[in-house]
Amino acid sequence: MNPAEILTNRPEGLYCPSGDFYVDPIKPVPRALITHGHADHARAGHGAVMATAQTLDIMSVRYGESFAEARQVAQGVTQVGDASVSFHPAGHVLGSAQIRIEQQGAVAVVSGDYAREANPSCASFEPVPCDIFVTEATFGLPVFRHPPMADEIARLLASVQAFPDRAHLVGAYALGKAQRVIMGLRQAGWDAPIYIHGALQQLCDYHIAQGVPLGDLRPATVARGSKADFKGSIVLGPPSAFASTWAQRFPDPVICFASGWMQVRARARQRGVELPLIISDHVDWPDLTRTITELNPEETWVTHGREDAVIRWCEMTGRTARPLRLIGYEDEAD
Amino acid sequence: MRDFAHLLERLAFTPQRSGKLQILVDYFARAPDPARGYALAALTGDLDLRKVTPSLLRALVAERVDAELFRLSYEFVGDLAETIALIWPGQQDGDLPLPDVVAELRETAKADLPGVIAARLDALGPSSRYAYLKLATGGLRVGVSGRLARLALAEFGDIEVTEVEEIWHGLTPPFEPLFAWATGGPKPESAALAPFRPVMLSTATELDALRALDPDDFAAEWKWDGIRVQAVSDGGVQRLYSRTGEDISTAFPDVLEALPDAAALDGELLIRRGDAVAPFGDLQKRLGRKQVSAKMRASHPAALRAYDLLVADGEDLRGAPFTTRRAALEALVARHAHPRLDLSPLLAFDSWEALADLRAAPPDQVIEGVMLKRKSSPYQAGRIKGPWFKWKRDPMLIDAVLLYAQRGHGKRSGYYSDFTFGVWDGEALVPVGKAYFGFTDAELKDLDRFVRSHTTDRFGPVRAVEPIKVVEVAFEGLNRSTRHKSGVAMRFPRISRIRDDKPASEADTLASLQALLPK
């Protein structure tokens with residue numbers, strides 16, 4: 001069959017007609033396969049949901065046990081209608097997977113969000129040969145080259161040392177980025193307690209339960225002591241918390257933000273960030289183009305982010321590519 | 001280069017002045033000569049490199065990167081040097097001594113520049129590439145003024161900033177004698193003609209404080225609302241300095257022409273048409289220019305109104321009492337008789353109450369109070385309490401309505417501390433200014449609470465608030481502005497009081513504000 005017929009674009013999201021399911025739909029559908037637990041990909045209210053055990057757990061942490069009518073843990077190769085599907089690590093966040101869909105020998109892989117740099121908080125990306133590769137394009141511009149995470153963590157620790165009387169407030173999204181930063185700190189030898197905002201608590205607990213050794217974490221919400229308690233400490237919170245009164249309890253805080261967007265100075269300044277940390281859980285441009293080169297699919301479909309540049313690159317290298325123009329994904333969140 | 005790149009990065013992302021100072025002091029302590037001297041020169045704008053043009057850089061990057069990919073990237077990043085620094089396809093992350101880079105950019109012939117720059121971009125990593133390009137194009141944009149850089153140097157060397165300012169104009173990059181002085185060596189001798197001399201400053205006073213003093217001991221004069229300057233003429237060289245030692249000569253050739261030989265005058269820089277002194281806004285139009293057109297000189301003629309005489313006929317008068325200097329100044333101005341140079345007149349008064357009356361009704365709008373100078377006072381550097389006082393006119397006050405608020409930094413992290421306020425224009429509130437100080441800590445908490453509980457809209461870090469909170473705004477003056485929708489711009493606005501007793505409907509109107517504009 002023509003591999004391009006495996007998937008089609010519908011208002012609800014990417015649809016597989018032969019299996020009658022959607023991948024990461026943005027509206028409630030009868031049957032959904034979910035790549036990972038970020039809120040724009042994993043929504044509540046579907047009929048049946050298939051995902052990795054960890055993604056299903058994360059969905060119930062976020063939405064409660066009743067987030068879908070039925071759920072199924074993805075294991076090995078599963079037949080769904082006329083399609084056979086399997087899940088493969090994407091290296092993005094805990095539980096994240098690429099979804100491989102095969103039909104009559106033709107293979108499409110929906111990568112969801114993915115990253116190639118080793119991530120101590122989840123399994124590493126596994127290249128899956130395919131005819132159609134659906135790639136994200138969050139950092140799909142040649143200006144994006146993420147430095148090694150260890151370098152960024154070293155910058156954070158150098159700043160902590162330089163300003164021992166101040167607290168370092170690190171903005172990091174609750175699923176994935178927060179744990180990645182904590183693991184980066186632990187690997188760099190930071191054994192001190194790390195303080196976390198309440199919004200990070202459940203997902204950090206879940207990572208620990210899944211065997212990710214985050215170390216000594218303490219709530220930064222309940223300590224109603226003095227500001228001085230947080231001198232020299234590292235505090236993690238969701239970026240939105242920095243606008244709340246929560247931020248007022250820390251002594252002259254250094255505002256940090258862990259995100260791939262921090263590579264662009266204007267972005268960092270816009271957010272009032274003093275210490276931008278370029279830590280991303282998406283592929284940067286070299287890894288994105290390397291992945292397409294390695295997989296060498298017949299067609300590359302490009303979704304959410306900077307599609308134009310990725311498609312231009314495919315043209316330049318003689319590859320067939322098209323934009324999916326899927327709507328509803330927050331390509332800004334990293 | 002890497003160290004310099006790191007310095008620029010930290011400065012750019014540190015909003016607080018105190019933080020920037022600390023970063024600079026640390027850098028001066030850490031970096032070797034002559035690198036730190038070149039870094040200082042880059043910050044103060046004293047590094048006269050061959051200016052690399054944007055078109056040269058665009059042509060360079062076009063040879064390495066697909067035009068469409070570059071266009072998309074530039075669109076996203078928004079800054080040419082930054083886009084090139086990030087997109088340049090080099091894999092190395094080498095380091096180069098800053099002095100070598102400066103020498104190379106200085107000495108390379110124009111035709112050879114593209115090749116040299118490309119080779120350097122190949123050798124450096126992204127952060128160093130950015131610093132290199134900013135250095136080459138000559139606009140660092142890290143929020144550090146020449147004044148702040150010199151202040152940091154003074155702090156680093158534990159010396160008075162006025163002493164640094166005094167010799168600054170005789171020194172050239174990489175300033176090795178200056179750093180030698182800052183680290184315990186001898187103070188460099190400045191051999192430059194027309195040097196800057198540290199300015200004498202006043203402290204604020206008020207009627208109650210003055211009562212303890214004898215009016216007979218003091219001379220009084222108007223405090224003109226222009227720019228305090230020092231004008232120096234020495235061996236055929238004329239220079240005009242701001243009170244912090246910034247050389248602003250190029251913007252005011254008409255004032256330089258008006259100077260007597262071998263003299264140093266302290267005075268107010270004004271725009272004066274005939275006898276009429278123009279409002280401060282007119283002077284602003286002439287500031288910061290490298291060149292002034294004949295048309296601008298004719299429409300906005302600058303003049304010096306002299307307060308004091310530091311050097312006359314090559315003789316240093318600073319040790320003499322004010323009365324002696326004043327007599328010499330009057331004689332010099334009369335003898336020189338140049339239409340662009342006149343005297344700031346002394347005021348006759350026999351009691352503080354009489355002076356208060358004069359202060360309350362100045363003869364000119366471009367007067368912002370009175371200055372008091374102890375007759376016996378020598379001309380001393382810095383702000384010493386006692387010999388000179390400024391008794392400013394009362395600030396202008398309006399009641400305005402809070403419209404927007406933005407979060408602060410550092411100790412104000414998490415607090416909404418930068419406020420935009422407006423006044424009534426018919427049925428609508430039009431923004432007229434921004435203020436981020438003037439209030440107490442307790443008032444800040446009150447304002448912060450108000451913003452959080454009355455937010456109506458959000459734009460990034462800015463919140464729009466329900467227009468019900470009235471604040472009293474104090475400011476030092478008002479100018480016409482084409483850049484503000486309201487047509488007015490306040491000088492030095494601050495929130496002096498929270499007016500919870502006043503409903504928003506009773507806040508001031510734009511018309512009442514416009515009535516305060518200089519005619």
Side-chain angles (χ1 to χ4, degrees), chain A residues 139-147 151 155 158-159 162-163 166-167 169 227 237 241-257 261-276 278 284-286 289 305-313 315-317, chain B residues 6 8-10 12-16 18-19 22-23 26 64-79 81-91 93 125-127 130 141-143 406-416 444-445 448-449 452 455 458 460-461 463:
Chain A
F139 292 106
L141 281 174
V143 288
F144 290 112
R145 277 180 276 183
H146 305 326
D151 292 4
R155 292 202 308 123
S159 180
F163 300 106
R166 303 175 71 181
L169 252 60
K227 281 192 175 195
F242 293 4
S244 71
T245 52
W246 177 76
Q248 295 173 2
R249 73 190 54 180
F250 304 105
D252 192 6
V254 179
I255 303 294
C256 320
F257 188 28
W261 299 116
M262 292 299 102
Q263 196 143 39
V264 177
R265 283 158 191 259
R267 292 274 176 138
R269 278 200 294 263
Q270 238 167 30
R271 284 179 165 269
V273 171
E274 274 184 66
L275 184 64
I278 309 167
D284 61 0
W285 177 261
T289 52
R306 268 117 292 275
E307 293 100 323
D308 296 345
V310 177
I311 290 187
R312 170 67 189 155
W313 178 84
E315 261 171 35
M316 286 166 62
T317 51
Chain B
H6 185 60
L8 292 191
E9 218 154 78
R10 299 225 12 229
F13 290 117
T14 303
Q16 306 94 333
S18 57
Q22 190 55 52
I23 289 166
D26 291 348
R64 305 287 181 108
V65 181
D66 174 61
E68 178 67 2
L69 287 179
F70 182 77
R71 185 188 65 78
L72 290 165
S73 297
Y74 183 31
E75 221 174 76
F76 187 87
V77 175
D79 179 279
E82 188 177 358
T83 310
I84 295 174
L86 291 172
I87 209 171
W88 194 263
Q91 295 298 321
D93 191 6
S127 170
Y130 177 79
R141 291 174 188 272
V142 291
Q406 192 169 351
R407 285 199 306 282
H409 297 285
K411 293 192 167 63
R412 287 169 161 192
S413 280
Y415 286 98
Y416 284 87
L444 173 60
K445 279 187 180 158
D448 180 69
R449 248 193 320 272
R452 290 175 191 285
T455 300
R458 291 163 202 243
R463 289 192 184 199

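Proteins come first, then strands; the chains are lettered A, B, ... in the order of their sequence lines, and each starts at number 1.
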Region of [X] that comes under 4.5 Å of a non-hydrogen atom in chain A:
{"X": "B:Pro89", "answer": "backbone"}
{"X": "B:Gln406", "answer": "neither"}
{"X": "B:Asp26", "answer": "neither"}
{"X": "B:Gln91", "answer": "side chain"}
{"X": "B:Phe70", "answer": "neither"}
{"X": "B:Tyr416", "answer": "side chain"}
{"X": "B:Arg10", "answer": "side chain"}

Report the distance from atom [atom1] of [X] to atom [atom2] of [Y], rounding to the nearest 0.5 Å.
{"X": "B:Thr83", "Y": "B:Arg71", "atom1": "OG1", "atom2": "CZ", "value": "13.0 Å"}
{"X": "A:Met262", "Y": "A:Cys256", "atom1": "CE", "atom2": "SG", "value": "11.0 Å"}
{"X": "A:Phe144", "Y": "B:Ile87", "atom1": "CZ", "atom2": "CD1", "value": "10.5 Å"}
{"X": "A:Met316", "Y": "A:Ile311", "atom1": "CE", "atom2": "CD1", "value": "14.0 Å"}
{"X": "A:Trp261", "Y": "A:Gln270", "atom1": "CH2", "atom2": "CD", "value": "11.5 Å"}

Given side chains that start at C-beta, do those of [X] and [Y] come closer than 4.5 Å, heavy atoms only?
{"X": "A:Thr245", "Y": "B:Asp448", "value": "yes"}
{"X": "B:Arg141", "Y": "B:Asp79", "value": "no"}
{"X": "B:Leu72", "Y": "A:Arg306", "value": "no"}
{"X": "A:Trp285", "Y": "A:Val310", "value": "yes"}

So, is the end of the A:Arg265 side chain (NZ or CZ) under 6.0 Å from the ring centre of B:Tyr130 and within 45° of the ring's axis?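 A:Arg265 over B:Tyr130 ring: yes.
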Under 4.5 Å from a heavy atom of chain B, the part of [X] involved:
{"X": "A:Gln248", "value": "both"}
{"X": "A:Trp246", "value": "neither"}
{"X": "A:Val273", "value": "backbone"}
{"X": "A:Phe250", "value": "neither"}
{"X": "A:Pro276", "value": "side chain"}

Most heavy-atom pairs under 4.5 angstrom with chain B, which of [options]?
{"options": "A:Ala268, A:Pro147, A:Ser244, A:Ala162", "value": "A:Ser244"}
{"options": "A:Arg312, A:Arg271, A:Arg155, A:Arg166", "value": "A:Arg312"}
{"options": "A:Gly272, A:Ala243, A:Ala247", "value": "A:Ala243"}
{"options": "A:Ile255, A:Val254, A:Leu275, A:Val264", "value": "A:Val264"}
{"options": "A:Leu169, A:Asp252, A:Leu141", "value": "A:Asp252"}

Where A:Pro286 and A:Arg145 come nearest, the two heavy atoms and their spacing: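 Smallest heavy-atom distance, with atoms named: CG-CG, 3.4 Å.
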In terms of heavy-atom pairs under 4.5 Å with chain A, which of B:Arg463, B:Glu9, B:Glu68, B:Glu82 leads?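 The residue among B:Arg463, B:Glu9, B:Glu68, B:Glu82 with the greatest pair count is B:Glu82.
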